[in-house]
Each structure stands twice: as C-alpha cells, then as structure tokens.
Amino acid sequence: MTERTDLERAEIREIFQKYKAATTEEEQLAAREQLVAQFLGLVEFLARRFRNRGEPLEDLVQVGTIGLLKAIDRFDLEREVEFSTYATPTIVGELKRHFRDKGWAVRVPRRLQELHLELTKVVSSLGQELGRSPTPAELAKQTGLTEEQVLEGLEIAQAYNFASLDAPIDTEDGATTSFADQLGSEDESLENLEYRASLAPEMEKLPERERRILYLRFYKGLTQSEIAERLEISQMHVSRLLNRTLIQLREALETES
Amino acid sequence: MDKVSISIPASPEYLQVVRLIAAGLASRLGFTIDEIEDLKIAVDELCAYLTGTQGRDGDLNITFGVEGSGLSITGTATLAPGQKVRTELTEFSQMILSTVVDEARLDQANGVPGFTLSKMKSE
C-alpha cells in the first residue's frame with residue numbers, strides 16, 4: 001500500500017487533473033492510487049462511526065473505499081468544493097447501503113415476505129381488472145387481509161430489500177430480458193430537458209432505469225402503475241425505486257447547499 | 001373537518017409513522033394505491049426540509065385534516081436554536097410536489113418553519 005501523506009490542496013488538485021487527463025490506464029491507476037492513499041484516513045474515520053454494528057472494521061473500510069473510488073470517479077474539478085466534503089456523503093452512503101442491503105436481507109420476516117409477494121401480484125391483477133389503481137379496501141377484500149395489513153405491506157416494501165424485486169423480469173412469452181433491453185428510444189429526448197440543467201450532476205449519477213422512472217413520473221406525468229406496466233416491473237418496485245432515488249437526490253442536494 | 005395530530009422527533013426514521021398515518025387516513029377516504037404512494041412522496045419531500053437528511057434537534061408536529069373531499073397535512077418544526085432550515089422549495093421539489101399533490105408549500109409563521117400540503121380525491 002502506498003504510504004499516506006498529507007498533501008496540500010493544490011497538490012491534490014494536480015493529482016486529480018492527472019487522473020482526469022490520463023491517456024493510459026497505468027497513468028490513471030497510478031493517480032487514483034495516490035488519491036486513495038490520500039483519503040484512506042477519511043474512509044477509516046467514517047467507517048469507524050459504523051463499527052459498533054457487528055461488522056469488522058476492515059470490512060467497513062473496504063466498503064467505504066468503494067464509496068471513495070466512486071467519489072474520485074465523479075468528482076468534478078470545476079466545483080468549488082473540497083474533495084473531502086464531496087466524498088463524505090458518497091462514502092457514508094456506501095456504508096449505509098451496505099448495512100441496509102445486508103441487514104434487510106437477513107431480517108425480513110417470512111410473514112412480511114409473503115405479504116409483500118401477494119400484494120405485488122394483486123395490485124397488478126386487480127389494477128388490470130379495474131382499469132385503474134386499486135384502493136387498499138379493494139386489495140383487502142381481494143386478499144382477505146385487513147386494510148391495516150395492506151397499508152403495512154405497502155410501507156414495508158420501502159424498508160426491506162427483496163432480492164426477488166431485482167431479479168430479471170419474465171416477459172409474457174417466458175423469455176427473460178433485462179431492463180437495458182426495455183429502454184426504448186421514445187423518451188430519450190432526456191438529453192435536453194431543463195432538469196438536466198438544474199440537477200445535472202446528481203442526475204448523471206443515477207442508473208438509467210431510476211432516471212427514466214423519475215422522468216416518466218415527474219415530466220411525463222405517468223402514474224406509478226403506468227410506469228410499472230411500461231417497464232414490466234411491479235408498481236411496488238417502482239414505488240421503492242422512486243423513493244430510494246428521491247432520498248439519494250435529497251442527500252446530494254443537501255450536501256451541495 | 002376531523003383532525004389527527006402527532007408529534008415526532010425531527011428525525012427521518014420517524015417519518016415512516018407519519019407516512020403510515022397519511023396512508024391510513026387516505027385509505028379511509030378511498031384513495032387508490034397510486035394516490036397514496038404520491039401522498040407519501042409529498043410527505044417525505046416536505047418533512048425532509050424540516051428534519052434534514054440526518055435529523056435535527058427538536059420535534060415535528062404534524063396535523064392531518066380529514067374531509068370527505070381530501071386530506072390536508074400541516075407540519076411545524078420546534079427545533080433547538082441555531083439550526084438552519086431551508087425556507088424555499090427547490091425547483092426540483094416544486095416539480096415533484098406539483099405532480100403528486102394539489103397544494104404544497106413551506107411557510108415560516110412567527111419564525112417557525114413548517115409546511116402545508118393537500119391532496120384531493122380524484123373522481
């Protein structure tokens with residue numbers, strides 16, 4: 001491992017310039033290694049905040065380093081902000097996500113998993129039957145659950161990470177497709193939308209699918225059910241992705257201001 | 001108009017309770033799942049101004065007004081001194097909120113940061 005040193009701000013900028021301007025992979029990796037060495041202390045500092053949650057510190061530092069690498073990759077020298085300020089939320093985000101993913105996958109009670117799966121199915125089938133989004137009362141009637149259980153089931157979808165949600169989607173003819181395959185070209189006038197101006201840096205960081213859901217919901221005005229149908233995922237999955245994305249954007253905007 | 005009130009610590013992890021109450025009341029009024037999800041997005045968006053993403057020192061008081069035609073929600077934050085709260089919606093928030101609810105704004109009555117939102121039932 002490279003020895004850690006404390007460099008001046010200007011020197012750090014210089015390494016970043018080298019990193020961004022690198023024409024060969026070796027050059028880029030070398031610059032990146034310097035940057036990682038420089039900010040590993042920050043990662044360790046942040047990882048330590050999570051250490052009483054039953055994970056070895058070394059693992060947390062690893063996870064945090066992934067966040068650091070992402071931040072290095074996305075950092076824009078044009079910004080008048082210190083890299084450490086910029087990187088902190090990304091590193092913390094990575095650490096939080098680690099616990100979120102891991103913790104939830106383990107702790108989802110079976111009852112809630114089943115509740116979730118059943119609701120996912122019925123929201124979609126009842127929606128098609130009615131030609132509109134169903135009400136909780138209608139869902140309760142159809143499933144034999146109470147209205148409270150239905151509402152709990154919808155809310156819980158936000159809190160837990162169900163692997164099944166992110167599995168490949170089965171299309172009607174039984175073939176498996178990925179989201180990338182389904183991203184048509186129809187809406188891809190995304191390029192020149194005003195939101196690109198106001199939110200550009202944060203938007204760029206979003207995965208294609210999340211960006212598209214935002215666009216369809218808030219620019220095209222499609223409902224969550226309509227988006228679900230178009231992307232061939234469940235409404236509850238749309239809801240979960242949308243909420244997660246909004247939280248991310250909120251965090252990003254807050255750090256900026 | 002019937003009223004339901006709740007006070008929570010000004011921290012994002014308690015917003016789930018607020019969302020559940022909003023969903024429960026909206027459900028009583030016959031809102032659809034899509035409408036309820038929209039309502040929850042608005043609740044999150046506006047409450048986030050008061051709690052910040054990391055939480056703040058103080059309490060949030062949320063009041064739900066229930067009428068046959070729809071739901072109104074007001075929130076105020078009683079925060080320890082010295083905590084800065086944004087008083088204007090970002091452009092992005094405005095866009096989100098105008099899509100998901102009928103009315104949404106931040107206010108500062110007597111220097112107390114707060115918000116109001118309302119969502120009518122669709123026909």
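Chain identifiers are assigned alphabetically (A, B, ...) following the order of the sequence lines, protein sequences preceding nucleic acid strands; residue numbering begins at 1 within each chain. Keep in mind it's a predicted model, so treat the numbers as computed, not measured.
Atom CD1 of B:Ile62 and atom CD1 of B:Ile6 lie 8.0 Å apart (nearest 0.5 Å).
Looking at every heavy atom in both residues, B:Val100 comes nearest to B:Ala42 through CG2-CB, 3.9 Å. The two atoms that bring B:Ile36 and B:Ala23 nearest to each other are CG2-CB, 3.7 Å, heavy atoms only.
The candidate with the highest count of non-hydrogen atom pairs below 4.5 Å against chain A, out of B:Asp34, B:Thr99, B:Thr53, is B:Asp34. For chain B, the option among A:Arg132, A:Glu226, A:Gln224 with the highest count of heavy-atom pairs below 4.5 Å is A:Gln224. Ranked by heavy-atom pairs shorter than 4.5 Å toward chain A, the options B:Pro12, B:Gly52, B:Ser93, B:Ser98 are led by B:Gly52.
Heavy-atom distances place the side chain of A:Gln235, and not its backbone, under 4.5 Å from chain B. With a 4.5 Å cut-off on non-hydrogen atoms, A:Leu246 touches chain B through its side chain but not through its backbone. If you measure heavy-atom distances from A:Arg217 to chain B, the contacts under 4.5 Å come from both the backbone and the side chain.
Checked against the 6.0 Å centroid threshold, B:Tyr49 and B:Phe115 do not count as a close aromatic pair.
With contacts defined as side-chain heavy-atom distances shorter than 4.5 Å, the pair B:Arg105/B:Glu103 qualifies.
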